[in-house]
Amino acid sequence: MHKSLYVKDFMWSENEWPKIRHDDYESGDNMPLISLLEILDGKRESEAYENLCKDMVMACESWGFFKLVDHGIPNVVIESMKERCLGLFDLPMEQKLKGERSSNLPLGYSPTNTDYGHNLPWAESLQLLQSPQQVLTFSKKVFGNEHSPFSDAMLDYMHAMDALGMLIFEMLAHGLGLPHDYFSKNFEEKEATMIRINRYPPCPLPSKCLGLGSHSDPHTLTILLQDEVGGLQVLKKDEEWVGIRPLPNSFIINVGDTLEAWSNGRLKSVVHRAVVNKEKQRFSIAYFLSPASDMVVDSPSQLIDQEKTLKDTFLLHGHNSEES
Ligand code: OGA
Ligand code: NI
């Protein structure tokens with residue numbers, strides 16, 4: 001049963017209220033930007049490739065985030081996915097709830113996303129594992145016999161995200177001085193990789209509500225597609241929230257907790273959130289790559305040898321090292 005909810009149910013405690021608006025981006029404009037244009041032909045033996053891998057590692061060390069352009073994902077894959085997902089959210093609630101989490105659908109649609117934070121997020125979301133079977137189960141529940149436009153768009157998008165994720169893992173591994181497949185070889189099984197599609201409706205009280213509370217992503221790597229409305233904010237080292245300006249045809253990539261641990265703390269999993277606004281709905285798709293669930297995350301010795309340097313860097317930035 002779904003009880004009635006009121007705006008007050010979505011109000012967060014005062015220390016969480018966003019101090020900057022959804023479209024206040026200036027403070028975040030120096031987030032690193034990476035273009036894959038020079039390496040889309042697949043050639044790896046170039047200076048451009050070497051430099052890009054290093055830039056990507058540097059972005060993940062300093063920001064934990066970067067914007068990715070010229071990513072090579074066909075526009076039609078992205079546009080069909082957007083169209084089908086927006087179409088899903090536009091359905092009557094009764095029909096969407098057919099795809100709610102249930103015994104044969106462990107994730108699914110939810111009118112509010114209660115995974116993060118203690119208060120209700122001003123959002124509706126669809127979460128599914130990267131599993132063709134789960135995508136089909138969901139699509140059939142909601143769309144019946146007419147499920148294939150939705151399920152096809154979803155599966156195409158997931159495959160494109162997997163391929164892009166593997167390229168990023170290879171570049172990060174290379175940039176860190178590890179074998180190319182150091183991370184990517186653990187992603188043959190896709191059982192723990194998942195997608196979350198978020199719709200943040202216009203909110204009457206955006207100064208006291210949040211679309212998604214502050215969190216870091218637990219997975220290995222996140223590939224986020226956001227529309228032009230804006231609302232993603234990242235917590236910088238000095239405890240200051242910065243807004244991220246939407247950029248057409250781009251993705252936002254961020255390091256998850258697992259990759260931070262895997263890289264012995266070198267790549268940073270950084271806290272972020274989504275704020276909402278009064279005028280416009282906002283839409284985003286997060287793809288969370290995870291290795292096979294029985295994989296043991298162990299830092300490579302190459303990175304452990306660098307630990308002393310790393311500790312010095314930590315101290316320089318004023319972080320407390322937790323190790324004695
Ligand atoms: C997420 C997330 C941000 C956004 O889904 O984990 O951080 O802008 N989303 O929707
Ligand atoms: Ni997130």
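Side chains included, hydrogens not; waters and symmetry mates left out as well; all remaining heavy atoms used. Read the numbers this way: they start at 1 and go in the same order the structure lists the ligands and their atoms.
For H215, the N, O or S atom closest to the Ni ion (ligand 2) goes by the atom name NE2.
Taking a cutoff of 4.0 Å between a charged side-chain nitrogen and a carboxylate oxygen, E61 and R266 qualify as a salt bridge. Between K208 and E14 there is no salt bridge, since no side-chain N of the basic residue sits under 4.0 Å from a carboxylate O of the acidic one.
Within the structure, the closest approach of Q226 to ligand 1 does not fall below 4.0 Å when heavy atoms are considered. Not a single heavy atom of R273 sits closer than 4.0 Å to an atom of ligand 1.
Annotation for ligand 1: atoms under 4.0 Å from non-hydrogen atoms of S284 are 4 (C), 10 (O). When each atom of ligand 1 is checked for a heavy atom of R282 under 4.0 Å away, the hits are 4 (C), 8 (O), 10 (O). The atoms of ligand 1 that sit less than 4.0 Å from any heavy atom of A286 are 5 (O). Residue N198 approaches ligand 1 through these ligand atoms, each under 4.0 Å from one of its heavy atoms: 5 (O), 10 (O). Within ligand 1, counting atoms from 1 as listed, the ones closer than 4.0 Å to a heavy atom of F288 are 1 (C), 5 (O), 6 (O). Close contacts of ligand 1 with H272, meaning ligand atoms under 4.0 Å from a residue heavy atom, involve 7 (O).
With a 4.5 Å cut-off on side-chain heavy atoms, V270 and V234 count as touching.
Of the options L225, I73, I285, a side chain to side chain contact (heavy atoms under 4.5 Å, CB included) to M161 is made by I73 and by none of the others. Here the options are N254, L224, V255, the test is side chain to side chain contact (heavy atoms under 4.5 Å, CB included), and the partner is F65; only N254 passes. Tested against H174, the residues E50, K54, R44 include a single side-chain hydrogen bond (donor to acceptor under 3.5 Å, both in side chains) partner, E50.
Neither the backbone nor the side chain of T222 has any atom closer than 4.0 Å to an atom of ligand 1 (non-hydrogen atoms only).
For the pair K185 and Y182, the cation-pi criterion (under 6.0 Å, within 45° of the ring axis) is fulfilled.
Atoms OD1 of D217 and NE2 of H272, as seen from the Ni ion (ligand 2), are separated by an angle of 90°, to the nearest 10°.
A ring-centre distance under 6.0 Å is found for F183 and W262.
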